[in-house]
Engineer: 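Below: one structure in structure tokens.
Each chain gets a letter, A, B and so on, in the order its sequence line appears, and its residues count up from 1. Keep in mind the model is a prediction, meaning the values are calculated, not measured.
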Number of protein chains: 2
Amino acid sequence: MAEASRAALDRREALERLRRSGGRVTQARRVIIDVLADAGGHLTAEELFHAVSIRDASVHRATIYRTLDALERVGVLEHVHLGHGSAVYHLVGASHFHLVCERCGAVTEIPESIFASALEQIQFDWGFRARLSHFAILGTCRRCQASRTESRAPDSHRDERP
Amino acid sequence: MAEASRAALDRREALERLRRSGGRVTQARRVIIDVLADAGGHLTAEELFHAVSIRDASVHRATIYRTLDALERVGVLEHVHLGHGSAVYHLVGASHFHLVCERCGAVTEIPESIFASALEQIQFDWGFRARLSHFAILGTCRRCQASRTESRAPDSHRDERP
DNA sequence: CTCGCTGCAAAGCTTTTGCACTAGA
DNA sequence: TCTAGTGCAAAAGCTTTGCAGCGAG
């Protein structure tokens with residue numbers, strides 16, 4: 001992976017990759033990529049739509065979905081499921097996993113190396129080449145383990161049943 | 001975990017657990033638990049609804065959702081996300097992970113022990129107690145790795161973009 | 001007898017799609 | 001120019017909810 005050494009694609013690289021794949025660089029796509037680059041990733045389609053609307057109110061919600069699909073197909077971005085809610089999108093970059101606390105919703109990124117040997121064993125035993133980064137890993141964070149009666153944070157929850 | 005030694009709760013244990021938690025054992029719940037026990041797990045709400053309808057057509061779709069919620073809350077069942085589609089439900093039992101092939105949709109269950117040391121390291125390094133069983137692990141199965149042009153199986157796909 | 005559970009209907013939310021028009025290469 | 005991409009509107013899923021009646025304990 002060429003991008004594994006960097007945090008993520010920047011605007012220029014993203015547009016370049018899009019162009020090279022035969023896609024057109026439109027106003028909507030430029031804004032969407034800008035927002036994703038600025039946010040540093042982890043936006044749902046809806047969050048992205050709101051953020052994009054601020055910069056260009058003419059971009060339609062349907063365009064967000066179609067563009068996310070198109071950009072994912074040409075390898076400019078990826079989506080991850082952090083929980084029960086909508087997927088979140090981010091520009092491709094260093095492969096990593098997400099630890100999501102089921103109680104407070106905190107998201108921690110960890111390097112993929114942690115699971116290297118486990119994934120090798122799965123490849124060896126089952127012939128299955130696993131890609132762990134597509135889903136978050138749920139659990140309980142240090143803080144919430146310490147305080148069992150910790151109340152839930154009001155925001156940033158994606159995997160909570162009300 | 002008391003149920004870790006067995007494949008999953010059977011009807012009697014499930015009803016017992018429901019009753020002990022103060023829940024009422026109704027006709028609808030009995031049928032739902034029966035269907036899940038017979039299926040051996042991995043049913044979406046919609047699949048469950050169809051299967052339940054065959055045995056008792058009077059059970060409403062909304063009851064399926066409310067019952068799944070209730071039964072999950074009292075620890076009778078759990079849900080897992082195998083892919084982009086709806087979650088699948090199963091009676092609680094031995095903790096395991098699901099390998100889902102992104103190309104053919106095949107689902108393989110593997111024991112949680114594979115990841116034991118990785119999860120321990122996460123606990124040690126980040127203080128995060130991870131529970132990997134809530135999401136599937138996507139990747140490519142042996143067969144699909146062998147035949148790169150393998151056509152997708154028409155069914156059992158849950159994590160495929162059309 | 002009481003209130004937890006259910007059927008029903010309707011709404012809610014996210015995502016997709018058909019169509020005609022616009023604009024990128 | 002030529003067609004990929006877009007806005008718009010409407011539909012399509014899937015899931016939730018308010019309400020009144022029923023039935024489990």
Engineer: Rounding to an integer number of Å, can you tell me how far B:L71 CG sits from C:dG4 C1'?
Structural biologist: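 Between C1' of C:dG4 and CG of B:L71: 14 Å.
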Engineer: To the nearest Å, how far apart are B:L18 CG and C:dC5 P?
Structural biologist: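 Rounded to the whole Å, the gap is 8 Å.
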Engineer: Using atom CG of B:D69 as one end and atom P of D:dC14 as the other, report the distance to the nearest whole Å.
Structural biologist: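 So the two atoms are 18 Å apart, to the nearest Å.
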Engineer: Look at all strands and tell whether B:A70 reaches a base, only sugar-phosphate, or nothing, counting heavy atoms closer than 4.0 Å.
Structural biologist: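 Result for B:A70 = nothing.
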Engineer: Can you list every salt bridge (charged side-chain N to carboxylate O under 4.0 Å, His left out) pair that touches residues 21-41 of chain B, not counting sequence neighbours?
Structural biologist: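 Salt bridge (charged side-chain N to carboxylate O under 4.0 Å, His left out) check on residues 21-41 of chain B returns B:R11-B:D34, B:R11-B:D38, B:D38-B:R55.
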Engineer: Under the salt bridge (charged side-chain N to carboxylate O under 4.0 Å, His left out) rule, collect the residues that match up with A:E109, sequence neighbours excluded.
Structural biologist: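 For A:E109 there are no salt bridge (charged side-chain N to carboxylate O under 4.0 Å, His left out) partners, ignoring immediate neighbours.
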Engineer: Between atom CZ of A:R142 and atom SG of A:C104, what is the distance when rounded to the nearest 0.5 Å?
Structural biologist: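 Separation between the atoms: 12.5 Å.
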Engineer: Indicate the ring-plane relationship of A:H90 and A:H42, choosing parallel, tilted or perpendicular according to the 30° and 60° boundaries.
Structural biologist: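 Taking A:H42 first and then A:H90, their aromatic rings stand perpendicular (interplane angle over 60°).
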Engineer: Tell me: OH of B:Y65 to P of D:dG18, nearest whole Å?
Structural biologist: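 Distance check: B:Y65 OH to D:dG18 P gives 18 Å.
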Engineer: Between B:R19 and B:A45, which has a closest nucleotide on DNA chain D that is more 5'?
Structural biologist: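 Closer to the 5' end of DNA chain D: B:A45.
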Engineer: Tell me whether B:H60 contacts the main-chain N or O of B:A62 through its side chain, where contact means a donor paired with an acceptor under 3.5 Å.
Structural biologist: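 Pair found, side chain donor or acceptor close to backbone of B:A62.
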Engineer: For residues 27-35 of chain B, which residues have at least one heavy atom under 4.0 Å from DNA chain D?
Structural biologist: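 Going residue by residue through residues 27-35 of chain B, none turns out to have a heavy atom under 4.0 Å of DNA chain D.
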Engineer: Rounded to the nearest 0.5 Å, what separation is found between the CZ atom of A:R143 and the SG atom of A:C101?
Structural biologist: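 Result: 8.5 Å between the selected atoms.
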Engineer: Closer than 4.0 Å, any side-chain N/O of A:S86 to the OP1 or OP2 of C:dT15?
Structural biologist: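 Checking A:S86 against C:dT15: at least one side-chain N or O falls below 4.0 Å of OP1 or OP2.
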Engineer: To the nearest 10°, give me the bend of the helix from C:dC1-D:dG25 to C:dA25-D:dT1, comparing the axes of its five terminal pairs at either end.
Structural biologist: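 End-to-end axis angle: 40°.
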Engineer: For A:A57 and for B:H60, locate the closest nucleotide of DNA chain D by heavy-atom distance; then report the residue assigned to the nucleotide nearer the 5' terminus.
Structural biologist: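 Checking each residue's closest nucleotide, the 5'-ward one belongs to A:A57.
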Engineer: Closer than 4.0 Å, any side-chain N/O of A:T67 to the OP1 or OP2 of D:dG5?
Structural biologist: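 So the side-chain polar atoms of A:T67 never come under 4.0 Å of the phosphate oxygens OP1 or OP2 of D:dG5.
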Engineer: Rounded to the nearest angstrom, tell me the gap between atom CG in A:D56 and atom P in D:dG7.
Structural biologist: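 Between P of D:dG7 and CG of A:D56: 8 Å.
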Engineer: Tell me whether the side-chain N or O atoms of A:R24 pair up with the base of C:dA25 as donor and acceptor below 3.5 Å, since no angle test is needed here.
Structural biologist: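 Side chain to base: no pair present.
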Engineer: Tell me whether B:L138 shares a hydrophobic cluster with A:V80, the cluster being built from Ile, Leu, Val, Met, Phe, Trp, Tyr side chains joined at under 4.5 Å.
Structural biologist: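 Shared cluster, yes.
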Engineer: Are B:R17 and B:E13 packed together at the side-chain level, in the sense that at least one heavy-atom pair is separated by less than 4.5 angstrom?
Structural biologist: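 Side chain of B:R17 against side chain of B:E13, heavy atoms only: no contact under 4.5 Å found.
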Engineer: Please table the atom pairs, donor to acceptor, closer than 3.5 Å between any side-chain atom in residues 113-127 of chain A and protein atoms at least two apart or in another chain.
Structural biologist:
from: A:Q121; atom 1: NE2; to: A:D125; atom 2: OD2; distance (Å): 3.3

Engineer: Can we call the ring centroids of B:H81 and A:H81 under 6.0 Å apart?
Structural biologist: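 Between A:H81 and B:H81, which both carry aromatic rings, the centre distance is not below 6.0 Å.
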Engineer: What is the distance from CG of A:L48 to P of C:dT14, rounded to the nearest Å?
Structural biologist: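 Taking atom P of C:dT14 as the reference, CG of A:L48 is at 14 Å.
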Engineer: Taking CZ from A:F49 and P from C:dC13, how many angstroms apart are they, rounded to a whole number?
Structural biologist: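 Computing the A:F49:CZ to C:dC13:P distance gives 15 Å.
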Engineer: Indicate if A:V107 and B:F135 have the same hydrophobic cluster label, given that clusters are the connected sets of ILVMFWY residues with side-chain heavy-atom separations under 4.5 angstrom.
Structural biologist: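 They do share one cluster, since a chain of ILVMFWY contacts under 4.5 Å joins A:V107 to B:F135.
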Engineer: Would you classify A:G22 as touching base, sugar-phosphate or nothing, given that sugar-phosphate means primed atoms plus P, OP1 and OP2, and contacts are heavy atoms under 4.0 Å?
Structural biologist: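 No contact.
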Engineer: Are B:L99 and B:V88 grouped together when hydrophobic residues (ILVMFWY) are joined by side-chain heavy atoms under 4.5 angstrom apart?
Structural biologist: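 B:L99 and B:V88: separate clusters.
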Engineer: Taking atom C1' of D:dG5 as reference, at what distance in whole Å does atom CG of A:L68 sit?
Structural biologist: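 The distance from CG of A:L68 to C1' of D:dG5 comes to 14 Å, rounded to the nearest Å.
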Engineer: Can you name the atoms? Protein N/O to nucleotides 19-22 of chain D N/O, anything below 3.5 Å, with the distance.
Structural biologist:
none

Engineer: Report the nucleotide, chosen from D:dT15, D:dA24, C:dA9, that has the shortest atom-to-atom distance to any side-chain atom of B:T26.
Structural biologist: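 Nearest to the side-chain atoms of B:T26, counting from C-beta on, is D:dA24.
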